[in-house]
2 protein chains.
Amino acid sequence: MRKSAELRKAEIVAAVLDLADRIGPDRVTTGAAAAAVGVSQAALFRHFPTKAEMWLAVADHVAGELAIAWQRAMTGTDGPIDRVTALVGAQLGQIVSTPALPMLLFSRELNVGNEDLRAAFRGLLMKFQGLIVTELARGQTAGSLRREVAPEDAAVLLTSLVQGMAIRWSLGARNFSLIGEGKRVLEIQLRLLTGKED
Amino acid sequence: MRKSAELRKAEIVAAVLDLADRIGPDRVTTGAAAAAVGVSQAALFRHFPTKAEMWLAVADHVAGELAIAWQRAMTGTDGPIDRVTALVGAQLGQIVSTPALPMLLFSRELNVGNEDLRAAFRGLLMKFQGLIVTELARGQTAGSLRREVAPEDAAVLLTSLVQGMAIRWSLGARNFSLIGEGKRVLEIQLRLLTGKED
DNA sequence: ACCTAGTAAGTGAGCAATCACATACTTAAG
DNA sequence: CTTAAGTATGTGATTGCTCACTTACTAGGT
């Protein structure tokens, strides 16, 4: 069947993400992606000049989805601590709906000899970290975060938590709710950071 | 030059780990590993029947090194909190001396269709987690860990910290001292967990 | 008529694994 | 102590396979 290029590209990107989750990013071949979409392998190269460009499109898509989720988290909440909770929740939600995300971020496979892609993903991580630091700093001046912990260090603890939970979920046959468990542990960490004993 | 099989195997394992770090585990070909050792590609199959068996030997080596490091951490310290510090420090040290470790542990590439290897690495993670939980539980009965945090949850926070720092170090061109920064952030987290304000 | 999305059939490169053969060590007999 | 047989480690060439990417050609939409 013939479809518009835009639609096909989106289909391909979705298929690549799905395959990356199931078999690992580096095992995603052009043939496998094409078969998942239902076209010939050669058809892929109508839409992307090289496989590397295809991955860049995937990165673009992921970056867009993350930006939307972060935006929603920021506008839907008041107060720094609530915002941090929402940001972490958004991140966990994105991981659940795009389970290949941790592997894409953490596997060097894709990034070796693909500097653009590497930079794209690193930029995403740093942006998230930056949002968290900003909110924590705001929280500290408002008195809701312990004074003796630097916002940067607290942000490291929180982003590590997301990564740790994601990896645990990814490796461990996904036998628990990432969002549920993540939020539970996040609350523990936030209680430690705010000093509240509620 | 001719060498004993034992020596060669060790050389190959070391070369594989080095290559895995530099180009990514999945890009380690038998040819590349052989070249790194200085023998022909065919020679590899004198020492390992298949490439998969070669990776199992790598896993064995890594597991041995980790076990030694943990053992040293446990016997060299008294008191639960010091032991946790030493265990985390040992883990960070192993990552520095075997930088491919996080990728091996967290990348699904190698593990898909290689269930033995996957099980080997997952077992290592669980063993580490178990050691931490045990020490934290001991610390809690001794009163040095806050009562309201379950040892399992605290262990998740601590192992996540290791993973988060390792990933940050791995992605970020290694432009900081993993051990130095890791221990600094670990101390912050431990202060939060113990409730000590020293 | 003309572009656009598609295809079938390649091409060359890189891969794990095999094979026939070579050369260094080990061991046991004379 | 020498030497011949046997074994352990190594090699170059090759095989069968998969991959990204190309080329020549085709059909649907406007």
Side-chain angles (χ1 to χ4, degrees), chain A residues 1-20 22-59 104 107-117, chain B residues 1-20 22-59 104 107-117:
Chain A
M1 218 198 311
R2 217 185 128 108
K3 292 197 181 174
S4 81
E6 283 306 304
L7 223 69
R8 253 320 170 226
K9 276 191 186 180
E11 277 185 349
I12 293 169
V13 164
V16 166
L17 279 171
D18 178 53
L19 278 173
R22 287 184 359 234
I23 63 176
D26 260 18
R27 298 197 179 190
V28 176
T29 63
T30 55
V37 171
V39 295
S40 73
Q41 184 247 0
L44 253 172
F45 292 89
R46 289 272 160 220
H47 301 287
F48 304 103
T50 65
K51 199 191 183 193
E53 294 260 1
M54 183 187 78
W55 274 112
L56 280 177
V58 171
L104 289 180
S107 155
R108 187 177 295 183
E109 309 294 326
L110 284 173
N111 305 352
V112 171
N114 201 341
E115 209 47 55
D116 290 349
L117 190 56
Chain B
M1 217 195 315
R2 218 187 126 110
K3 292 198 182 175
S4 81
E6 284 304 306
L7 224 70
R8 258 308 174 237
K9 277 190 185 177
E11 278 185 347
I12 293 169
V13 165
V16 166
L17 279 172
D18 178 52
L19 279 173
R22 283 177 11 227
I23 63 176
D26 261 18
R27 299 198 178 190
V28 177
T29 65
T30 55
V37 171
V39 295
S40 71
Q41 183 247 357
L44 257 178
F45 292 87
R46 288 274 165 225
H47 300 287
F48 305 103
T50 63
K51 199 193 180 191
E53 293 260 1
M54 183 187 78
W55 275 110
L56 281 176
V58 171
L104 290 179
S107 156
R108 186 177 295 184
E109 310 293 327
L110 282 173
N111 304 352
V112 171
N114 201 340
E115 210 46 57
D116 289 350
L117 190 57

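In what follows, chains carry the letters A, B, and so on, assigned in the order in which the sequence lines appear, proteins first and then strands, with residues in each chain numbered from 1.
Minimum heavy-atom separation, A:Arg8 to A:Val37: NH1-CG1, 3.9 Å.
Regarding B:Leu19, its CG atom lies at a distance of 12 Å from the P atom of C:dC15, rounded to whole Å. Remark: P of C:dA16 and CG of B:Leu44 are 9 Å apart, rounded to the nearest angstrom. One can place CG of A:Asp26 at 13 Å from C1' of D:dC19, the figure rounded to the nearest angstrom. For the pair B:Phe45 CZ and D:dA8 C1', the interatomic distance rounds to 18 Å; values are reported in whole Å. B:Phe48 has its CZ atom 13 Å from the P atom of C:dA17, to the nearest Å. Atom pair B:Ile12:CD1 and D:dT9:P shows a separation of 11 Å (rounding to whole Å applied). Atom CZ in A:Arg27 sits about 15 Å away from atom C1' in D:dC17, given to the nearest Å. One atom, NE2 of B:His47, and another, C1' of C:dA17, lie 16 Å apart when rounded to the nearest Å.
Of the two residues contacting DNA chain D, namely A:Gly31 and A:Arg46, the nearest-nucleotide position lying further toward the 5' end is that of A:Gly31. Across the interface with DNA chain D, nearest-nucleotide mapping of A:Ala42 and A:Thr29 shows A:Thr29 to be the residue nearer the 5′ end.
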Subject >> A:Leu56 and A:Phe48: CA distance, side-chain angles, deciding distance, side-chain contact (heavy atoms from CB on, under 4.5 Å) verdict >> reply: CA-CA 10 Å; A:Leu56 280 177; A:Phe48 304 103; over 6 Å; no
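Comparing atom distances between the A:Ala43 side chain and each of C:dT7, C:dA5, D:dG10 picks out C:dT7 as nearest. Here D:dA20 is the nucleotide among C:dA17, C:dG6, D:dA20 with the atom lying nearest to any side-chain atom of A:Thr30.
Remark: B:Lys9 does not engage B:Glu6 in a salt bridge, criterion side-chain N to carboxylate O under 4.0 Å.
Listed pair A:Arg8 / C:dG6 meets the phosphate criterion, a side-chain N or O lying under 4.0 Å from OP1 or OP2.
Evaluation of atom-type donor-acceptor distances gives a pair under 3.5 Å for the side chain of A:Gln41 against the base of D:dC21.
Contact of the B:Val58 side chain with the B:Leu17 side chain is registered, since non-hydrogen atoms from C-beta on lie closer than 4.5 Å. At least one side-chain heavy atom of B:Arg27 sits less than 4.5 Å from a side-chain heavy atom of A:Asp26.
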